[in-house]
Structures are given as C-alpha cells and as structure tokens.
Number of protein chains: 2
Amino acid sequence: MKRNSRLSLALHALSHMAYDTGDAQTSADIADHAGTNPVVVRRVLGKLRAAGLLTSERGHSGGWRLARETKHITLADVYAALGERLVASEQPMETDTCAVERALDARVQQIMREIEESLVERLEHTTIADVQGATRQLPSHAH
Amino acid sequence: MKRNSRLSLALHALSHMAYDTGDAQTSADIADHAGTNPVVVRRVLGKLRAAGLLTSERGHSGGWRLARETKHITLADVYAALGERLVASEQPMETDTCAVERALDARVQQIMREIEESLVERLEHTTIADVQGATRQLPSHAH
DNA sequence: TTTATCGTAACAATGTCAGTTACGATATGG
DNA sequence: CCATATCGTAACTGACATTGTTACGATAAA
C-alpha cells in the first residue's frame, strides 16, 4: 500500500466487519484480508473507535465490532475520524509580507477550505453499506 | 510549505501573473512572492505550461505569461495539469486473494475514483478569476 | 494458568517533496 | 559580438510522513 491507505484500509476493514456482525474480528484477520499488518490495523481502527464508529474488546476471543449499522456510517464519518485533510491544510499566515500577498494567501487558503468542504459533503452521501453494495450478495466469505 | 503545496503554489502564481499581464513574470519574482524557490516555481509552472495554461520565454526579459484569460482557467485544469490525485490512486490488484477480497478491493477503488471525479467536477466550477476575486481591486502590487 | 487479543511505544525502511546548487541553453540589450 | 538575464534540468540533501515490524505490557476468556 502507499497513498491514502488509511482511508482505503478503513473502508476495507469496515466493509469486512459488516459480513460477520456476530463475531468480533481480530486485527490479525483484518490485516490478512487487507494485506497489511495487525498493528497498522489497530492504529487505524483505533481512530475509528475514538470516533464511536466501532468498539474493541481485549483478551481471548476479543476483537473489533461495528458500533452502528453500516447504513448509518458515512464516508464523511470515517474521513473525520481519521483526521484526514486531503485538500486544505492549516498554514500559518506569514506576517512579514505586503498586504496584497497576505490577501492572496488568505484567498487561496479559503478556496482550499471550500473545496475540502465540498469533498466532505460528497462523502456524506455514501455509506459503508453503499461500499459493500455490489459485493454483499457474493457467496461465503470463509477462507 | 508542506502539503498540497504544488496546487497552492500554482494558484498563487497564476493569480499573481494575472495582475501584470503586460510583462512576463520571472520565476525569481514569483518565488519571492510565494515564499519559495525559483527552481520549485519552474518545476510547477513547467507542468502548467505542458498543459497549455501558460507560456514561458527564455533569455533576457523572459519569464512566464498566461496563455488564456483567468476566467478560462479552471481549478480542474490546474489540478489535471499537475497530475494530482488527492483521493484515488492506481493500485495494482492483488491476484492471489479470494474472489470476495478482489471484489471488495475493486469496490473500494471504484468508490475512491467516484469521489475523485466529484472533486474534479467541483474544481471545474472555480476559475483563477474567482480565486483572484476579492483581492483584485486592492491597490498597487508594487514592492 | 495459559492463551489470545488489544494498546502502545520504539524503531527501521521507504517514499515524497521542497529546497538548493550547478550548469547548460537561449534570447535580449547594448 | 559580448555580457547579462532567464529558463530547463539534473543531482543531491534534508525534512517529514507513512507503513511495516518487533516487543512487551494489560486484559480477559478458556
């Protein structure tokens, strides 16, 4: 994996967990399926848990569970949980430049924020259930 | 500068060049204004030139000029020129996983592509003239 | 008590990117 | 025709982000 892997991994993991809402899914299983490492999974899912999207249980037969139905988890929720900022970024304003420079800087940053907002609005319209969508009626998921 | 600096720098530079459509702007001037380095500017603007958004002239009194009016350059043009892919990314599909995994992978990638497309559509609705917008009627731009 | 699992810290490996230096190519101006 | 200004580009460095990995403690089930 390389870029945007956190978002991608999160979607992967969430969709995966939705298959088996009965059993808790272990980091190791999820990591296997997503082609990565259990620690990486825990790192990413930890953020989703902090945002209330899922829960984890320690100890024997522990693992991860969805905290809500997939249709009530939007990609915007996931995006926010991960703290991603694909477009905008907080850049401290330079104080030693002239007024025109500062105004232009501010304007560019404002535009970037507006685009970020549009992106989030778009993400609100897709849920994990939508992601699962086409793959939902595939046969068994055993390996 | 750190993240998304290419897009940010490009917007900055283009807006800047729009103030003085008479004279060619040198990389050094643009770099000064954007708080970066002439070579970095040339790297970024070189991509915009390759996309036909602006032209450059070598030699004495050379520099950069807009190839079109600012109202006819959209942020989607700039984004495409830079070859940015903020959301989606080409990930080679793993062949050794089971059918469900492959289907889920494909689905996640498809979702990411759709989001990327939404982003580009949004970018099509803003032009460099819009970016300049509020700063346009500010006083002189001399330093 | 043993085992499975998360939580987390620490570190390495990698990759991206801006910054920088250097130098050749090219065009203007005198 | 020469000096100068400018782009074009390669090469390298340093900073930073990210993933992968190992290790180990905490916790809970079997």
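We name chains A, B, ... by the order of the sequence lines, and we start the count at 1 in each one.
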**OP:** Give the intermediate values and the outcome of side chain to side chain donor-acceptor pair (under 3.5 Å) for residues B/Trp64 and B/Thr55.
**Re:** CA-CA 6 Å; B/Trp64 302 84; B/Thr55 61; over 6 Å; no

Original post:
Stepwise, does the side chain to side chain donor-acceptor pair (under 3.5 Å) test hold for A/Gln110 with A/Arg107?
Top reply: CA-CA 5 Å; A/Gln110 180 190 3; A/Arg107 182 68 181 145; 3.0 Å; yes

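Sorted pairs that involve residues 39-48 of chain B and meet side-chain hydrogen bond (donor to acceptor under 3.5 Å, both in side chains), not counting sequence neighbours, are lacking altogether.
One atom, CG of B/Leu82, and another, C1' of C/dC17, lie 14 Å apart when rounded to the nearest Å. Atom CZ of B/Arg85 and atom P of C/dG15 are 20 Å apart (whole Å). In this structure, A/Ile30 places its CD1 atom 12 Å from P of C/dT5, rounding to the nearest Å. Between the C1' atom of D/dT18 and the CG atom of A/Leu9 lies a distance of 13 Å, rounded to the nearest Å. To the nearest angstrom, C1' of D/dA5 lies 15 Å from CD of B/Gln25.
Contacts between residues 38-57 of chain B and DNA chain C, defined by a heavy-atom separation below 4.0 Å, involve B/Val39, B/Val40, B/Arg43, listed by number.
Side-chain N/O atoms of A/Asn37 include one lying less than 4.0 angstrom from OP1 or OP2 on D/dT21.
Using modelled atom types, one finds a donor on one side chain and an acceptor on the other under 3.5 Å when comparing B/Ser56 with B/Arg49.
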Can you pull every protein N or O that's under 3.5 Å from an N or O on nucleotides 26-28 of chain C?
from, atom 1, to, atom 2, distance (Å)
C/dT26, O4', B/Arg58, NH1, 3.2
C/dA27, N3, B/His60, N, 3.3
C/dT28, O4', B/His60, O, 3.4
C/dT28, O2, B/His60, ND1, 3.1

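A distance-only check finds no donor-acceptor pair linking the side chain of A/Asp23 to the backbone of A/Asp20 [under 3.5 Å].
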